[in-house]
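This report refers to the structure that appears directly beneath it.
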Amino acid sequence: MTTEDSKGHAAAYRDRLEDNHLFVERLRKAEALRRTGVNPWAHGFEVTHSAADIQAGWGERTAEELETEAVEVRVAGRIRFHRRMGKASFLKLQDGSSGSVAPGGDEEEGDDFQQVFLSLDGLGEEAFTFCRGLDLGDIVGVEGTLMRTRRGELSVKASQVTLLTKSIRPLPEKFRGLTDVEQRFRQRYVDLIMNADSRRVFRARARIVKRVREFLDARGFLEVETPMMHPTPGGAAAKPFRTHHNALDMELFLRIAPELYLKRLLVGGFERVFELNRNFRNEGLSRQHNPEFTMVEFYQAYATVEDLMDLTEELVESIAVELHGRRPDGRVVVEHGGQTIDLTRPWRRVTVAESVAEHFTLTPEEVTERAWLEAEAERIGLEGIEALDSGKLLMEVFEHHVDHRLLQPTFVTQFPASVSPLARRNDENPEVVDRFELYVLGWEIANAFNELNDPEDQHLRFREQLAMREAGDDEAMPMDEDYIRALEVGMPPAAGEGIGIDRLTMLLTGTESIREVLLFPHMRPEQAGS
RNA sequence: GCGCCCUUAGCUCAAUUGGCAGAGCAGCGGACUCUUAAUCCGUUGGUUGAAGGUUCGAUUCCUUCAGGGCGCACCA
């Protein structure tokens, strides 16, 4: 790049900063530093202590003790506060330990930014003047010794300050911070700097994911990765995203579920497998739905849904205990939107028909009668009722009246076979399958069933799905011939389950929108120039 | 996809029945050697989301569009 090009680019770069004087001022400072031989975007700095390290190691020391010890430290972080006086000033640095959650501890966010004391005496004229030009948002490295201020705050008395990164765009207002929901999601990097609650949620999410892995690992489950791009979308009732492979010139679908691949692994002899990863569904967005979402699916040979209900209670309760602890009375509760949710096991177990019957103060027999179901479907405003089987009608009534009212953890069991094409029929009643969905806060958190391993029945179910597909249901599953072939080789009896990690995280972090637990939730593109 | 609501300075928010677009923080200049959202004095900063309309005059009323929030629908 020639000097002329370089000048042209500098102008173009300034233009994209919209001539905002706040941005241009900082850029001017950066350029001034460069002229004195200081690169405002440095690399590398030896850090010996985090803010949390210093608090943990010397938090109880008195001013005198600190003076005697003369502990030398090198810290680094982003300037969040800068209080300037004539010949002294204070910085508050935010580092990766700021507001961190101690392992096994509660979720209290400590305001453990590291304060730095700068003085003309300690730094000398030139360095002190340089520090006066530092802006909120700049990242600096500081070398100094620990001290306690007159007001009692443990601080680093700086002997040397190095600018590591110049920040061109100012941070939001320091008191109220960034509250605009759209900007919080679009500029998550700013949100994470400004909002301890956001940091807390994503740290909690990481612990939940880690705990799920540990839990399954401890029970002998093998973590596997199966294709994200499927030639045949299957394993769930959902509309897929389509994509295209150029070299093979073939249509592919982003997976809506890993289910059919994981069960092929049961055939292969991996008797306990799980996959914790993304699924993609081409459907509407809501507070509970994002086009891509994370689910853990696991399959256990020789187990039944009964076993998985126990396992699910144990898993979720243990994560809740890790994040929130137990109450003195031994119960495990989480607060969510003014509700107290009691996750202490065991949880209520109720069949679909029972839950509907309870809502209408009828009996399970009454709410599964065709005439009653048709009449109720009519009241809901359902169309094409005659074409729907009774199981589908029952589910419609359940979804319209019951599921969103199941606030406390509830296993809903005994689903109609017609809405569960991959589940094994109940031996006593072939019209239902041994399946459960876990509801908490009215959200479906988990879904599990005894897996259908009879290839002939599976073939029949796929054909029924095909018929529904031809009748216009674009969420009905297509036939998967290779999956049938796998079942013909022989799949051990098994139960499998999927748990929605996003919703589980919402439940355990008290958040009400899935966007709060996704680092970069799906958004429409911003308009140019904004 | 449909309905309701929101969009004003970098950020957080004001602006009376339609009558000169303002404040705090941030920034800039100045004072101040222990501050805690530091304080004090002075000061820069606006295509009021975009386009159109009504009006002598529009941040304000109307239309369309964009983005966002909430609800419904779809779904997990």
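We name chains A, B, ... by the order of the sequence lines, and we start the count at 1 in each one.
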query: For L171(A) and R148(A), take the nucleotide of RNA chain B holding the closest heavy atom to each; which residue's nucleotide lies nearer the 5' end?
result: L171(A)

- request: Can you label the angle between the F81(A) ring and the F113(A) ring as parallel, tilted or perpendicular, going by 30° and 60°?
  value: tilted

Donor/acceptor link under 3.5 angstrom from D121(A) side chain onto base of rU33(B): yes

message: Measure NE2/H82(A) against C1'/rU39(B) and give the value in whole Å, please.
response: 15 Å

- prompt: Which listed nucleotide (rU35(B), rU12(B), rA26(B)) is nearest to the side chain of R176(A)?
  reply: rU12(B)

- request: Evaluate the ring planes of F117(A) and F90(A), with Trp represented by its six-membered ring, and classify them as parallel (under 30°), tilted (30 to 60°) or perpendicular (over 60°).
  value: tilted

- request: Could you state the atom-to-atom distance from CZ of F23(A) to P of rG46(B) in whole Å?
  value: 13 Å

field: Distance-only donor-acceptor test (3.5 Å): side chain E182(A), base rU7(B)
entry: no

query: Do S119(A) and rU33(B) have a side chain to base donor-acceptor pair shorter than 3.5 Å?
result: no

message: Quick check: closest heavy atoms across E275(A) and T226(A), and the distance to 0.1 Å?
response: OE1-OG1, 2.6 Å

What N/O pairs connect the protein and nucleotides 27-29 of chain B at under 3.5 Å? Give each pair on its own line.
from	atom 1	to	atom 2	distance (Å)
rC28(B)	OP1	K29(A)	NZ	2.7

- request: Answer yes or no as to whether rA76(B) has its base stacked against F293(A), where stacking requires a ring-centre separation under 5.5 angstrom and planes under 30 degrees apart.
  value: yes

- prompt: Sub-3.5 Å donor-acceptor pair from the side chain of T505(A) to the main-chain atoms of R503(A), do we have one?
  reply: no

Main-chain N/O of A237(A) paired to R281(A) side chain as donor or acceptor, under 3.5 Å: no

- prompt: With both distances under 3.5 angstrom, what nucleotide forms a Watson-Crick or G-U wobble pair with rU36(B)?
  reply: none

statement: Residue pair R524(A)/H400(A) against RNA chain B: nearer the 5' end by closest nucleotide is R524(A)

- request: Choose from rA37(B), rC11(B), rU35(B) the nucleotide whose nearest atom is closest to any side-chain atom of F90(A).
  value: rU35(B)

- prompt: Between rU36(B), rA37(B), rG68(B), which one does the side chain of R515(A) approach most closely?
  reply: rG68(B)

- request: Among N447(A), T312(A), V350(A), find the one that has a side-chain contact (heavy atoms from CB on, under 4.5 Å) with F436(A).
  value: T312(A)

query: Using the P atom in both, what is the distance from rG19(B) to rC62(B), to the nearest Å?
result: 15 Å

field: Distance, C1' atom - from rA14(B) to rG71(B), rounded to whole angstrom
entry: 29 Å

